[in-house]
Every structure is written in C-alpha cells, then in structure tokens.
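It should be emphasised that the depicted structure is a prediction, and the values quoted were computed from it without experimental measurement. All values below were derived from every heavy atom in this structure, side-chain atoms included, with hydrogens, water molecules and symmetry-related copies excluded.
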There are 4 protein chains.
Amino acid sequence: MNTHSLKGETNVGKKKGAKYEQIIEAAVAVIARFGYHQAQVAKIAKEAGVADGTIYLYFTSKEDLLISLFEEKMGQFIETIRTRIQTKQTFEEKLLLLIQTHFEQLQANPQLAIVTQLELRQSNKELRKKINQILKGYLLLIDELIKEGQSSASVKQQLDSRLVRQMIFGTLDEVVTNWVMKDCKYDLVVQAKPIHQMLVSGISERLS
Amino acid sequence: MNTHSLKGETNVGKKKGAKYEQIIEAAVAVIARFGYHQAQVAKIAKEAGVADGTIYLYFTSKEDLLISLFEEKMGQFIETIRTRIQTKQTFEEKLLLLIQTHFEQLQANPQLAIVTQLELRQSNKELRKKINQILKGYLLLIDELIKEGQSSASVKQQLDSRLVRQMIFGTLDEVVTNWVMKDCKYDLVVQAKPIHQMLVSGISERLS
Amino acid sequence: MNTHSLKGETNVGKKKGAKYEQIIEAAVAVIARFGYHQAQVAKIAKEAGVADGTIYLYFTSKEDLLISLFEEKMGQFIETIRTRIQTKQTFEEKLLLLIQTHFEQLQANPQLAIVTQLELRQSNKELRKKINQILKGYLLLIDELIKEGQSSASVKQQLDSRLVRQMIFGTLDEVVTNWVMKDCKYDLVVQAKPIHQMLVSGISERLS
Amino acid sequence: MNTHSLKGETNVGKKKGAKYEQIIEAAVAVIARFGYHQAQVAKIAKEAGVADGTIYLYFTSKEDLLISLFEEKMGQFIETIRTRIQTKQTFEEKLLLLIQTHFEQLQANPQLAIVTQLELRQSNKELRKKINQILKGYLLLIDELIKEGQSSASVKQQLDSRLVRQMIFGTLDEVVTNWVMKDCKYDLVVQAKPIHQMLVSGISERLS
DNA sequence: TATGAATGAGACTTCATTCAT
DNA sequence: GATGAATGAAGTCTCATTCAT
C-alpha cells in the first residue's frame with residue numbers, strides 16, 4: 001500500500017525540480033482552458049515559460065507528461081483521503097469523510113476537476129489504460145474500506161465488494177462529472193451527506 | 001414522449017436505406033476493433049464495402065456519422081427500456097427491469113458496448129456535447145421513474161431526485177465500463193439483481 | 001472566316017436540341033451566381049432540370065460543356081459585331097460600332113459578362129487555351145478591321161497591326177472587367193465614344 | 001506614398017529570413033513550371049529544399065504564401081517603376097519609362113511573368129480579391145501620373161482619367177499576356193516605344 | 001433517352017519530437 | 001541545462017464521371 005507516499009517520491013529516477021512542477025501545472029492550466037485536444041506541447045511549454053524542447057528534458061513524451069500529471073495529482077488526492085479517514089473509527093464515518101474529502105479536493109481545484117473528469121478521458125486507449133492503473137490505487141482504498149466494513153459487520157456481508165465499490169465510485173464520479181459540466185457553479189461538498197445517506201441506506205422508502 | 005419511435009423513423013429527412021445501416025454497423029465494428037482514433041473513414045468504408053465517397057452520400061461528415069450512430073443505437077436502447085418497464089407496476093420492479101434491460105442489451109452487443117462505453121468518450125468536445133444531448137433522453141427516463149417512485153411513496157421523498165439519478169446512472173455506467181474493460185468476459189446480467197438490491201436498500205447492515 | 005455562322009451550326013456532329021441550350025444556359029446562370037469553382041456538374045444539372053448523367057449525353061465532359069458555352073456565346077457575340085459593322089463605311093465608324101456593340105451585348109447580359117470576364121478565366125490552362133482559340137475569331141475580326149483601316153489610310157501604316165489590336169482589345173477588356181467588378185452598376189455603352197476617341201487620337205494634348 | 005518601401009520591409013511582423021525568400025522563389029518556380037493547379041505545397045517545399053511543415057512556419061496557409069508572393073514581387077515591381085519615373089520631367093517621358101520598366105522587369109523574369117499574367121489569375125475568388133488589392137497600388141500610380149499629366153496640360157483634360165488608366169493598363173496587360181502566351185520568345189521591351197506612341201497620339205492617320 | 005447512386009484519387013495542414021547550437 | 005527551428009507522416013472530404021436500370 002506504499003505505491004504512493006505522502007511526499008511524492010514515487011517517480012524514482014525521474015528528474016524533478018521547480019520546472020518539473022511548473023510544467024505539470026502549466027499542463028493542467030492549458031488542458032483546463034483549451035481542452036485535451038487543443039493542449040499542444042508548444043502551448044504547454046509557453047504557459048510554463050520554457051522552450052518546447054525543455055519539456056523533453058523532464059518527460060520522455062507528451063504521454064509521459066500526462067501520466068505524470070495524473071500520477072502526481074491523483075497520488076496527493078488519494079493520500080489526503082487515506083490520511084484523513086484514518087482519523088475515523090466506524091465504516092460510516094469513514095465513508096462520509098471519504099466522500100467529503102473527495103468533493104472538497106476537487107471543489108478546491110476546479111481546473112484539476114475539469115482535467116481529470118472531462119479532458120483526460122478523451123485521451124487514447126493507451127494513455128487511458130495507464131490512467132486507470134493509477135486510479136486503481138483509489139479503487140483499492142475503497143475496496144479496503146468496504147472489506148473492513150464487512151468485517152466489522154457494518155456492510156452487508158453477502159454483497160460483492162467489487163460491486164459495492166463500483167456503486168460508490170460510479171456514484172461519486174457521476175456526481176462530480178455533472179458538477180463540472182455545470183461549470184462547477186454550485187456547492188459540491190454539501191451533497192456529500194445526502195449521497196452518503198443514499199449509499200448507506202438506499203433509496204427505497206420501506207417500513208422497518 | 002414520442003421523440004423516439006420503436007421503428008426508428010426518428011431521423012426524418014435523413015437518407016436511409018440498406019447502405020445507411022450498413023455504414024453505421026461498419027463504423028461500430030471498426031471503432032470496436034481499432035479504437036476511436038484509428039477509425040478512419042477509409043477503414044469504415046472498406047468495412048462497409050463501399051467507396052469512401054459513398055459515406056458522404058449518407059452522412060454530411062464523419063462527425064455526423066458518429067452522431068447518427070449514437071442516435072440510432074441509443075435511441076433503440078432507450079426505447080427498448082422504456083417499452084419494457086411499462087409492463088411493470090411498482091417502482092422496484094421497474095428499476096430492476098431497467099437495470100436488466102440495460103445490461104442485456106449491452107451484453108448482447110459487446111461491440112456496441114465498447115464503442116459507447118470507451119471509444120466514443122474519446123471524441124472531441126463538439127461530438128461529446130451532441131452525444132450528451134442524446135444521453136439526456138436516457139437520464140430523463142430515469143428521472144421520470146424516480147419521480148414516479150417518489151409520488152407513489154416508493155422512493156424516499158426527501159431525496160434530491162437528481163442525486164438519485166446520478167447514483168443509479170453512475171453505478172450502472174461504472175459497472176458496465178468495468179465489464180467492458182475486463183473484455184466482457186463475465187456475465188453482466190446476473191449482476192442486475194444485487195445492484196438493484198444495493199440501490200434500493202443501501203449497503204449498510206442495520207438492525208431494523 | 002466561316003468558323004462561326006450566324007445560325008450556330010458550327011458544332012457539326014454535336015447533338016443539339018432544347019436540352020443542349022438548356023444546359024448551357026444553366027451553366028451560365030450557375031457560374032454567374034456561384035463562381036467558376038463552385039459550379040459543379042451536379043449544380044448545373046439541377047439548374048437545368050436534368051439528371052447529372054444527362055449532361056454527358058450532350059457534352060463529352062465538363063470541359064466540353066464550358067468550351068461549348070464559350071463557343072456558342074462568343075460565336076453569337078462575334079457574328080453580331082461582324083454583321084453590324086458591315087453597315088458602316090469608314091474605319092472610324094466601324095471601330096466605334098464595334099466598341100458599342102461589344103459593350104451593348106455584355107451590358108444586355110451581365111450574367112454572361114461575369115462568366116466570360118471573370119469566372120471562366122479561373123479555369124485551368126488547358127481550358128484557357130481552348131477559350132483563347134475561340135477568342136481568336138474576335139481578334140482576327142479586329143485584325144481585319146485594322147488592316148482595312150491601314151489600306152484605306154485611316155490607320156497609321158507604320159503601326160504594327162498586332163500591337164494595335166492588342167491595344168484595342170486590351171482596352172475594351174479592361175474596361176468591361178472593371179465594369180463587371182463594380183457589379184455592372186453603371187452605364188457601359190456610354191463609354192464607347194470617349195474610348196473610341198482615345199484609341200483614335202490618343203490621350204495627348206498637342207498643338208496641331 | 002510610403003506603403004511600399006524600397007527595401008521590402010513592408011510585411012512588418014511577418015517572419016522573414018533566408019527561408020522566407022527561398023520558399024517564395026520556389027513557389028514562383030513551381031507555379032511557372034507546373035501551373036497553378038499543379039503547384040501543391042509538397043512540390044513547393046521540395047523545390048525549396050524544406051519539409052512541408054516548414055512552409056507553415058513562414059506562412060499561415062498556402063493562400064498566405066501566394067498572397068505574400070504577389071505582395072513581395074508586385075511591391076518591388078511597383079516601387080521600381082515609381083522610383084525610376086521620378087527621374088523624368090514630362091508626362092510623356094514618364095509614361096514611356098513606365099512602359100519600358102514594366103516590360104523590362106517582366107522580361108528579366110519570365111517565370112514571374114508567367115505566374116502573374118497567367119497562373120495566379122486562375123486562383124479562387126478570395127485570393128483574386130487580395131491580389132487585386134495589391135494591384136490597386138499600381139493602378140493608383142498610373143492614376144497619379146495621368147492626373148499630373150492633365151494638370152500640366154499634357155493629357156487632354158476632358159478625358160475621364162479612369163478610362164485613360166484602363167486603356168493604359170489594359171493595353172500593357174494584353175501585350176504582356178500575348179508575349180507570355182507566345183512563350184516569351186520575342187523582345188518585349190522593344191515594343192515599349194510604339195505602344196507609347198499609340199497611347200499618346202492614337203492610331204488614326206489624320207491630317208493636321 | 002434519361003436517371004442518379006456510386007466511385008476513388010488527391011491535397012492541405014497539424015503537431016509531437018529531434019538536435020545543432 | 002536550455003533552446004526553438006525544422007521535420008514529415010497521416011486523414012477528411014470533393015466532385016467529375018460511369019453505368020445499371
């Protein structure tokens with residue numbers, strides 16, 4: 001579970017430095033502003049204030065830059081969630097905090113939300129595969145949480161944990177995507193509680 | 001309620017005929033096999049057994065072809081669901097049948113599943129916008145179902161119906177995408193019931 | 001000097017008939033309205049009220065149609081001038097009438113003027129060569145007139161008749177082109193006299 | 001009066017350099033050799049000894065290249081004439097020198113003559129419009145000359161200066177076009193004097 | 001005669017990546 | 001380390017012409 005450390009030394013062997021971050025930030029900004037298909041290397045270089053060729057001193061290819069971007073941003077994203085939910089005891093508290101932290105982080109950085117929810121999904125299969133690889137870290141975190149919940153009898157044990165995870169992640173993803181497509185103009189975090197409630201108790205009105 | 005008929009006369013004014021369908025089927029096959037970015041017009045034409053130029057007798061542009069593909073396929077997809085769930089009375093039965101029909105249709109045509117779940121999502125903003133427009137038909141169908149459920153006190157009335165829809169659609173979409181990414185090699189339809197169960201009653205084990 | 005008769009039987013061996021003329025008129029109309037590069041065979045066929053293929057029953061190719069158009073129209077144009085100037089006796093009267101008739105005919109049919117002055121000149125070398133071949137009939141007519149003028153000592157005998165012809169034709173052509181480019185919105189015929197005057201006596205103010 | 005300098009810094013803001021000129025010269029050569037419609041960007045690039053893409057570092061489009069070509073060449077052409085005729089005092093001397101310089105420049109560069117007299121006239125409306133814009137510089141120069149001539153009572157004051165200009169330009173243009181169509185194989189410059197004579201005193205033999 | 005659906009060659013332009021400086 | 005000019009492959013669409021009906 002140490003594939004992503006808190007300090008971001010994950011890309012061992014990769015040149016780092018001020019420019020490395022600078023280029024990634026430029027990529028996020030350019031993609032958010034112009035869209036995936038209009039985010040040429042030249043534009044990113046200009047935004048970063050470096051020459052086109054300089055990008056290739058820090059990344060082996062444009063694909064590598066995009067993967068690194070996702071890795072970097074998603075790594076922090078996941079670690080923040082992981083750390084925070086450790087402070088909670090029960091499954092339900094942890095799930096709620098996961099949702100809240102998920103939403104908070106994206107709401108705090110709408111540019112990043114645009115990039116990860118909309119733009120990077122337009123990339124080709126190869127890149128998407130690698131992005132999914134990184135996403136897997138998050139999915140595993142959710143899986144753990146679910147299994148923990150089942151162990152402690154907080155989550156119905158007969159449920160397929162994979163399906164549970166798909167429901168949780170699918171729901172969060174869809175909610176965020178809708179928010180981004182509405183130009184991030186309403187409050188996302190406030191929806192954490194009702195969503196948590198739905199996931200936990202379902203949507204059906206039943207006599208109990 | 002008649003925007004999409006069962007017989008597919010929806011694209012009134014568009015040239016139809018054997019070749020029209022033939023080209024759309026070829027496009028589905030080529031995109032599924034080679035991916036969105038490797039689905040050149042020439043390849044689609046060859047697959048359809050027509051000349052490149054012939055495509056432009058039936059579609060105004062490549063984009064128009066892709067939109068028509070989605071429109072055609074998604075139109076049928078939605079209508080099939082709409083029609084089938086009318087046979088059920090209660091909200092829960094309808095929701096279950098919606099999920100089952102959703103899964104059945106994609107499982108019956110894995111090529112189409114690949115195209116709609118993975119490949120067409122890589123398209124440019126313009127095309128994506130139009131695809132979303134068509135998808136909206138499905139989302140509205142779900143919305144109706146939810147509101148009906150709330151009217152009949154089957155669905156908790158305090159829930160935001162938009163959030164409920166996002167949970168349902170997000171979950172189905174995520175489940176199908178996972179299935180497609182695992183090469184459609186397990187049974188999708190069989191998961192309809194547990195998913196329905198989770199959506200309806202939530203994941204939490206509670207004393208009642 | 002009988003390459004173009006008054007009755008248009010010049011294209012011996014060519015199918016004629018109502019449709020032949022109909023297609024040529026359609027071509028003139030379409031080229032005048034849409035320009036040379038937007039005058040597709042399909043558009044001309046539609047304007048003529050026939051099928052695309054029908055055009056090829058009357059013309060061997062699009063090029064043949066355009067050449068026939070020019071031949072037909074220019075043949076009439078030249079013959080009208082030839083006939084009318086025969087009614088005059090002196091060189092100067094004949095030249096004036098040539099200019100007037102040249103202008104009158106184009107002013108009476110601005111569509112044709114657009115086609116011959118602007119649009120057909122955008123055609124490729126091959127077609128242009130053939131058009132020039134037809135134009136040669138007009139140039140020869142002017143040549144004859146000049147030589148006649150020199151024989152009767154109306155035109156300076158030391159002048160190279162080819163240059164004289166180039167001045168006359170070049171001037172008329174430039175004047176008409178300017179008129180067409182100003183959307184044919186002023187009176188062209190009224191300029192015949194001053195132009196005639198300039199050609200005859202030059203532009204210089206000299207004491208005599 | 002300073003729209004075109006002698007040194008060619010007119011296209012301020014446009015990337016210049018050896019390659020810029022090199023590509024323009026290549027375009028002239030290719031168009032002269034193969035004709036307008038067979039002058040593909042690839043061919044021009046090859047002739048210039050650069051990659052296809054390099055052309056787009058110096059010109060925004062093929063159209064831009066062709067316009068720049070005309071601008072560059074015509075700009076020099078006009079300036080040379082303007083400068084040279086300033087050395088003469090009388091209208092007649094100036095007109096003669098204009099004609100001579102016009103002919104000399106084209107005779108010195110038959111390739112350019114082919115391009116401007118024949119090939120570029122086949123271009124589409126948009127390009128032609130821009131070419132005419134540039135030509136207007138030359139027409140204005142002639143206009144000035146004529147008005148000057150009228151002020152100094154060298155040119156008949158009752159003449160419409162626009163018509164005079166049309167006669168002068170139309171004549172020169174027709175003469176050069178004939179020369180180009182005869183493969184530039186006779187002496188053009190030698191015809192300057194007789195043409196000048198015709199323009200000045202007309203073609204008519206009159207007793208005085 | 002007449003139709004019109006089908007054909008298929010051909011070109012402009014973009015942009016990730018390189019490499020001489 | 002940093003630059004940025006140069007590279008060159010690759011794809012959508014048009015339209016004159018044909019030919020089975």
Can you tell me the distance, in whole Å, between the [atom1] atom of [X] and the [atom2] atom of [N]?
| X | N | atom1 | atom2 | answer |
| --- | --- | --- | --- | --- |
| A:I44 | E:dC15 | CD1 | P | 12 Å |
| C:L127 | F:dA16 | CG | C1' | 14 Å |
| B:N124 | E:dC15 | CG | P | 13 Å |
| D:Y58 | E:dT13 | OH | C1' | 18 Å |
| A:Q38 | E:dT13 | CD | P | 16 Å |
| D:H37 | F:dT14 | NE2 | P | 18 Å |
| B:Q22 | E:dA6 | CD | C1' | 12 Å |
| D:K43 | E:dA11 | NZ | P | 7 Å |

Residue [X], side-chain atoms from C-beta onward, closest of [options]:
| X | options | answer |
| --- | --- | --- |
| A:K62 | E:dT17, F:dA16, E:dG8 | E:dT17 |
| D:A51 | F:dT3, F:dG8, E:dA16 | F:dG8 |
| A:D52 | E:dA5, F:dG1, F:dA5 | F:dA5 |
| B:Q40 | F:dG11, F:dT3, E:dA9 | F:dG11 |

Tell me which of D:I55 and C:S61 sits closer to the 5' end of DNA chain F, going by the nucleotide each one is nearest to. D:I55
Nearest-nucleotide wise, let me know which of C:T60 and D:V50 is further upstream toward the 5' end of DNA chain F. D:V50
Could you grab the distance from atom CD1 of D:I44 to atom CD of D:Q40, nearest 0.5 Å is fine? 8.5 Å
Is the charged tip of A:K19 near the ring of A:Y58: under 6.0 Å from the six-membered ring centre and within 45° of its axis? no
For F:dG4, the nucleotide meeting Watson-Crick or G-U wobble distances (both under 3.5 Å) is E:dC19
Are OP1 or OP2 of F:dA2 and a side-chain N or O of A:K19 less than 4.0 angstrom apart? yes
For a quick test of reading the model: is some side-chain N or O of A:Y56 closer than 4.0 Å to OP1 or OP2 of F:dT3? no
Which comes earlier along DNA chain E counting from the 5' end, the contact point of B:G53 or that of D:A42, where each point is its nearest nucleotide? B:G53
Partner residues of B:R121 under the salt bridge (Lys or Arg N to Asp or Glu O under 4.0 Å) criterion, sequence neighbours left out: B:D173
Over all strands shown, is C:V41 touching base, sugar-phosphate only, or nothing at heavy-atom distances under 4.0 angstrom? base
Assess whether salt bridge (Lys or Arg N to Asp or Glu O under 4.0 Å) is satisfied between A:E63 and A:K130, documenting all intermediate values. CA-CA 10 Å; A:E63 187 178 63; A:K130 294 193 176 154; 3.7 Å; yes
Measure the acute angle between the ring planes of B:Y20 and B:F59, then classify it against the limits of 30° and 60° as parallel, tilted or perpendicular. parallel
